[in-house]
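Heads up: the structure comes next, in structure tokens.
Any value given below was found using the heavy atoms of this structure, including those in side chains, with hydrogens, waters and symmetry copies removed.
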Amino acid sequence: MTGPLWVVVPAYDEEASIGATLAALAAQDDTDFTLVVVDNASTDGTADAVRRFARTAPFPVHLLHEPQPGPGSAVDTGFRHAAAHGAALLARTDADCLPAPDWTAVARAEFARGAEMLCGRSVPRADESPSFAERRLLPALVRVAALYGRYRRAHRDPRYRTPYVLCHGHNLALTADLYLRCGGAPRSPLRESSDDVELLNRAREHSDRVVRAEHLVVRNSLRRVRAWGARRTLLWYWDRRYLPADEHEVHVR
């Protein structure tokens, strides 16, 4: 599959972090894409930071506003906007992440080989100076999550056309056709569900070309692990078995 690539970044109160993400996107080996940043009802200067970046960006930048809370809502708005404006290929990262320099190039290559959805690899951000334990901890949590997801009964239902693969919301890509065909991301609050897992499972009902792309790399922030600790972070990703008492604590900043 080939065609125009659009990258979507949902953002909520990311004034302090989004600059590094935008810089990483501007430094891509392949900048032949359109960027959509969806401001998810931020109360800080996130939108202003995006506008400043857009003045000199090496690609077109669309700034959208989504008032309904939750990254699923923001991503859905961004992906549907991209599809309506001619996107054939869609990719997502988050506003506290750093895509590797070859991120968009690798995505294009995987799509050209016939994949309809790509689930990439997450590694800790080097600029956050991860400790030895953190460099080992995050990959360990990822392996545990992947193993659990692979063998979980709900993920092995006969309606799925391809096996479960680990999918991070901050590092995924899929064709616009598959996104629309499967119904897209759930428009639910962050504390209620993992929009990336739900999108993955919706896609698996409609395609047998969903792949784990190990060379599609994004450096992810350690801020949630550092704020909550390993146990609570793992329980959060495990069907929200840990939930902060304060709604604002869900959005670690």
Side-chain angles (χ1 to χ4, degrees), residues 1-11 18 21-22 24-26 28-40 50 57 59-66 70-95 97 99-100 102-122 162 165-188 194-213 215-218 220:
M1 178 69 179
T2 60
L5 171 66
W6 288 51
V7 173
V8 171
V9 178
I18 198 168
T21 302
L22 298 174
L25 290 170
Q28 290 292 298
D29 299 335
D30 176 0
T31 56
D32 184 19
F33 62 89
T34 297
L35 174 64
V36 180
V37 178
V38 185
D39 181 4
N40 197 194
V50 176
F59 38 68
V61 179
H62 294 215
L63 175 61
L64 308 181
H65 298 274
E66 173 51 61
S73 300
V75 168
D76 186 55
T77 293
F79 277 169
R80 290 185 186 279
H81 174 86
H85 288 77
L89 310 174
L90 306 170
R92 171 193 168 182
T93 192
D94 285 351
C97 295
D102 63 353
W103 186 64
T104 54
V106 170
R108 282 191 193 278
E110 292 291 340
F111 282 129
R113 281 192 279 271
E116 281 198 294
M117 182 171 185
L118 316 174
C119 298
R121 181 162 59 95
S122 178
T162 191
V165 294
L166 184 64
C167 192
H168 308 286
H170 57 264
N171 188 11
L172 63 80
L174 72 170
T175 65
D177 178 71
L178 176 59
Y179 187 82
L180 298 175
R181 208 163 74 230
C182 76
R187 299 180 65 87
S188 54
S194 296
D195 62 280
D196 47 3
V197 175
E198 290 197 36
L199 175 59
L200 168 67
N201 284 336
R202 289 179 181 185
R204 291 198 297 136
E205 290 188 60
H206 293 266
S207 176
D208 57 5
R209 290 181 285 162
V210 177
V211 302
R212 175 73 176 173
H215 298 298
L216 189 71
V217 177
V218 164
N220 185 35

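- The CG atom of L35 sits 6.5 Å away from the CG atom of L22 when rounded to the nearest 0.5 Å.
- By the side chain to side chain donor-acceptor pair (under 3.5 Å) test, D196 pairs with no residue at all, sequence neighbours left out.
- When atom types are taken as modelled, the side chain of T31 and the backbone of F59 share no donor-acceptor pair closer than 3.5 angstrom.
- Of the possible donor and acceptor atoms, one in the side chain of N40 sits under 3.5 Å from a partner among the backbone N and O of E66.
- In this structure, R212 contributes its side chain and G120 its backbone to a donor-acceptor pair below 3.5 Å.
- No donor-acceptor pair under 3.5 Å is formed between the side chain of R204 and the backbone N or O of V210.
- Under the rule for a side chain to side chain contact (heavy atoms under 4.5 Å, CB included), the partners of P99 that lie at least two apart in sequence or sit in another chain are A24, L25, Q28, T93, W103, V218.
- Scored by the side chain to side chain contact (heavy atoms under 4.5 Å, CB included) test, D39 finds S42, A47, L63, H65 as partners (sequence neighbours excluded).
- Residues N220 and H168 have side chains not in contact (no heavy-atom distance under 4.5 Å, counting atoms from C-beta outward).
- Smallest separation of non-hydrogen atoms from A176 and A87: CB-O, 3.3 Å.
- Here the closest heavy-atom approach between residue I18 and residue A11 is recorded as CD1-CB, 4.0 Å.
- Not counting sequence neighbours, the partners of D76 by the side chain to side chain donor-acceptor pair (under 3.5 Å) test are R80, Y179, R187.
- By the ring pair (Phe, Tyr, Trp, His ring centres under 6.0 Å) test, H85 pairs with H81, sequence neighbours left out.
- Every side chain to side chain donor-acceptor pair (under 3.5 Å) that S194 has, sequence neighbours left out, goes to R240.
- Using a 4.0 Å cut-off between a side-chain N of Lys or Arg and a carboxylate O of Asp or Glu, R202 and E205 do not qualify as a salt bridge.
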